[in-house]
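Structure first, then comments.
Counting begins at 1 with the first residue of the sequence. What you see below is based on every heavy atom in this structure, not just the backbone, and it leaves out hydrogens, waters and symmetry mates. Every number for a ligand or one of its atoms is a count from 1 in the order of the listing.
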Amino acid sequence: MTKKNYFQISTAIDYPSGPAHAGHMYEKIVTDIIARWKRLQGFKVHFSTGLDCHGSKIARYAKDARKTPEEFIKYMEPFFRELCEKYNISYDDFIKTTEKRHKKVVIKMIEDIYKKGDIYKDKYSGYYCSDCETYFPKEELVDGVNCPTHNKPTEFLEEDSYFFKMSKYQDKLLEHIKKNPDYLRPEKARNEILNRLKEPLRDLSLTREKISWGIPFPIDKKLTTAIWQDALINYLSTVDYPNKKYKDFWPALHIIGKDIVYHHIIIWCTWLLASGIELPNVFVHGFVRSASGEKMSKSLGNVIDPLEIIKKYPADAIRYFLIREIPFGQDGDFSEEALKERLNNELANDLGNLVSRSLTMVEKYFDGKIPKGKNELKFDIEKIKKLMENYELTNALSEIWKFVQEINKYINEKKPWENEKNRETVLYGVLDSLRIVSILLYSFISETCEKISEQVGFEIKGLEDCKINLLKPGKIKKGEILFKKVE
Ligand code: MSP
């Protein structure tokens, strides 16, 4: 296999300070969809997700829970694993920053950049927000004290620190952004970063003196490696940098939320430029808001708990709903009403019913054997491939859904239940079309598509099978209906 056939993709690694929330769920689902699509295209995929375990925030939460940080993470980890399991997230690696394999890579990268002369010692003073684990300059504080993201008081810290010469790489980064339109998408995120890069970058403090829960800074072990530096490196430790897996898979596509673009583009990519490592691509998704369009927050009582909502609806209904409802790359609202509507009208009616009634007719008229026939329907797969290539998940899914609706229209017009003459052709065509649609929908709602493939009798292998008339003769196995309607 040539390098062209390898594809690395990652979600951000989550802070396990509380159980997994709807934002974590959304990010893992969209990343999973791209990973599955790439596998269908024939790529060998490495899909990573995981936990960002160090830093003062986790230490504080652990203390509040009367646990050591290690115990606290052990307690929180199952929530995130369960989230992945319940939502069919097909990750290849679940990485935690407390793992040895990760620490090794962090130490190597810092030592390499130090040897190169891009790390120096100085004094640091600034306003620190432990919720974002980030220092802010005074000008950015709200009312002169509060963190601009959390609106909570920051802490003024002064300490000895090692700095990374981030400013040295500003021009190189800018050049890369301008030359590579696919590097940072969508356009809005790219423009925001280009705006920020109009101001000169400052060098980056790499260490914390007063925070001990983290990786000792290899150049001066009294100090702790700053959490973002530690966390970002997970994208390389997951592929065993600098060894074979890294050589095969890197560069990755990072899927992240809009609040951490700065960290991924400015901090991470200047660091990679200093390390002489090829830059990844980054796609920024929007935020899931509450039904009324507000930010979800415990105090407003509008939080969707992904491990609760999954008790009421199938994973595929939630996955389908999120992609249809939230234009990929923009913010969108999680309304249970809208979820129910899509589940009832689209999944249960358009798809579930179609599968059920066509299989019933095959049982009734052909003794459960797929009839011989020719598929008369046409599908423009290239359009969908193009949309997926540009990560236009919402548009791709709505195009695929048009196929589902066309199959319904076809069966309704041809009326094979009345029309004996065309019955073979029509029912073969419908089943063969359902095969194609199942391959196309597989990345989005894999569990459902597997059920269709078992009931009709075909395998979902790759996108190259999205051609008409490939459905082989055989016996169908009608099973349970795909989606139950909810009131
Ligand atoms: N630990 C850092 C990331 C380090 S990556 C090297 C972090 N963790 S987080 O738990 O706060 O967020 C994890 C991901 O979830 C981020 O990409 C973030 O943007 C995303 N989301 C958090 N809330 C979200 C929504 N409400 N909606 C969609 N995604 C959101 O940041």
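- Outside the 6.0 Å centre-distance limit, the rings of Tyr127 and Phe136 are not counted as a close aromatic pair.
- Remark: side-chain polar atoms of Thr270 are paired, donor with acceptor, to backbone N or O of Ile267 under 3.5 angstrom.
- In terms of protein heavy-atom proximity, atom 3 (C) of ligand 1 is nearest to Ile13 O, 3.2 Å.
- In terms of protein heavy atoms, atom 26 (N) of ligand 1 is closest to Val288 O, 3.2 Å.
- Protein heavy atom nearest atom 7 (C) of ligand 1, with residue, atom name and distance: Tyr15 CE1, 3.5 Å.
- Below 4.0 Å from some heavy atom of Trp228 lie the following atoms of ligand 1, by number and element: 2 (C), 3 (C), 4 (C).
- A salt bridge is absent between Lys116 and Glu111: the closest approach of a Lys/Arg side-chain nitrogen to an acidic carboxylate oxygen does not fall below 4.0 angstrom.
- Heavy-atom proximity to Gly286, at under 4.0 Å, picks out these atoms of ligand 1: 28 (C).
- For Ala12, no nitrogen or oxygen atom sits less than 3.5 Å from a nitrogen or oxygen atom of ligand 1, counting backbone and side chain alike.
- The ring-ring contact (aromatic ring centres under 6.0 Å, His included) test with His54 is passed by exactly one of Trp213, Tyr15, Trp228, Phe72: Trp213.
- Val486 is listed as a side-chain neighbour of Asn344, based on a closest heavy-atom distance under 4.5 Å.
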Trace of the side chain to side chain contact (heavy atoms under 4.5 Å, CB included) decision for Phe328 with Ile33:
CA-CA 12 Å; Phe328 192 44; Ile33 291 169; over 6 Å; no
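- The residue Lys295 has no part lying near ligand 1, judged by heavy-atom distances below 4.0 Å.
- Close contacts of ligand 1 with Ala231, meaning ligand atoms under 4.0 Å from a residue heavy atom, involve 6 (C).
- The Gly257 neighbourhood of ligand 1 comprises atoms 17 (O), 19 (O), with distances under 4.0 Å to a heavy atom of that residue.
- The residue Arg289 has no part lying near ligand 1, judged by heavy-atom distances below 4.0 Å.
- Selection from Glu27, His285, His54 by nearest heavy atom to atom 29 (N) of ligand 1 gives His285.
- The protein non-hydrogen atom at the shortest distance from atom 13 (C) of ligand 1 is Asp14 OD1, 3.3 Å.
- Considering backbone and side-chain atoms together, Asn234 places no N or O closer than 3.5 Å to any N or O of ligand 1.
- When each of Tyr135, Tyr120, Tyr114 is paired with Phe163, the ring-ring contact (aromatic ring centres under 6.0 Å, His included) condition holds for Tyr120 and for no other.
- Under a 4.0 angstrom heavy-atom cut-off, Tyr235 registers as being in contact with ligand 1.
- For atom 19 (O) of ligand 1, the nearest non-hydrogen atom from the set Ile256, Leu51, Asp259 comes from Asp259.
- Contact of the Asp160 side chain with the Lys123 side chain is registered, since non-hydrogen atoms from C-beta on lie closer than 4.5 Å.
- Which parts of ligand 1 touch His21 is read off a 4.0 Å heavy-atom cut-off, strictly below it: atoms 22 (C), 23 (N).
- Counting protein heavy atoms only, atom 10 (O) of ligand 1 is closest to His24 NE2, 2.8 Å.
- Note on Arg81 versus Glu85: no salt bridge recorded, every NZ/NE/NH1/NH2 to OD/OE distance being 4.0 Å or above.
- The pair Glu447-Arg319 does not count as a salt bridge, with every side-chain nitrogen at least 4.0 angstrom from each carboxylate oxygen.
- Using a 4.0 Å cut-off to heavy atoms of Asp52, the atoms of ligand 1 that qualify are 1 (N), 2 (C), 4 (C).
- Partner of Tyr235 under the ring-ring contact (aromatic ring centres under 6.0 Å, His included) criterion, chosen from His46, His263, His254: His254.
- In Ile260, the part holding a heavy atom less than 4.0 Å from any atom of ligand 1 is the side chain.
- Proximity of a side-chain donor or acceptor of Asp118 to a complementary backbone N or O of Ile113 within less than 3.5 Å is not detected.
- Of all protein heavy atoms, the one closest to atom 24 (C) of ligand 1 is Gly23 CA, 3.5 Å.
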